[in-house]
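As structure tokens, the structure follows; a few thoughts come after it.
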Amino acid sequence: MERTNISSGAQWEPIVGYSRAVKVGAYVHVSGTTATGPDGKIVGVGDVRAQTIQILKNIESALAKAGSTLKDVVRTRMFVINIAE
């Protein structure tokens, strides 16, 4: 099967050795995603809603580069510091 690495363009991807997403066959696997904006800075510090919106934008962008959409997602995981938020 063909493997395609999808980059977000983040400066640390080549340093750490990861890709925002990897497409293998018909499957797209998106790596852990933070609320990083296009400028490389965290969006919405202290604002869980703003951070969630940015994270979903980042995931949506990676999926689009792989030829997919949010409608194609079949599994998610999330990690939070305070689940009450």
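These numbers come from the heavy atoms of this one structure, side chains and all, not from hydrogens, waters or symmetry mates.
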May I ask you to test the [X]-[Y] pair for a side-chain heavy-atom distance under 4.5 Å?
X   : Y   : value
L56 : T33 : no
L70 : L63 : yes
Q51 : I42 : yes
R3  : N5  : yes
W12 : T36 : yes

When rounded to the nearest 0.5 angstrom, what is the spacing between [atom1] in [X] and [atom2] in [Y]?
X   : Y   : atom1 : atom2 : value
N58 : R20 : CG    : CZ    : 6.5 Å
I59 : S31 : CD1   : OG    : 9.0 Å
R75 : H29 : CZ    : NE2   : 10.0 Å
T34 : I55 : OG1   : CD1   : 6.5 Å

Which heavy-atom pair separates I6 from A62 by the least distance, and what is that distance?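 Closest approach of I6 to A62, heavy atoms only: CG2-O, 3.9 Å.
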More than 12 non-hydrogen atoms from neighbouring residues, nucleotides or ligands closer than 6.0 Å to NZ on K57, yes or no? no
Between [X] (side chain only) and [Y] (backbone N and O only), is there a donor and an acceptor less than 3.5 Å apart?
X   : Y   : answer
Q54 : G37 : no
S7  : S19 : no
K23 : A66 : yes
T52 : V48 : yes

T69 and E60: side-chain hydrogen bond (donor to acceptor under 3.5 Å, both in side chains), yes or no, with the steps? CA-CA 6 Å; T69 71; E60 186 173 35; over 6 Å; no
Audit row: K71, V73, side-chain contact (heavy atoms from CB on, under 4.5 Å) steps and yes/no: CA-CA 6 Å; K71 290 180 181 181; V73 173; over 6 Å; no
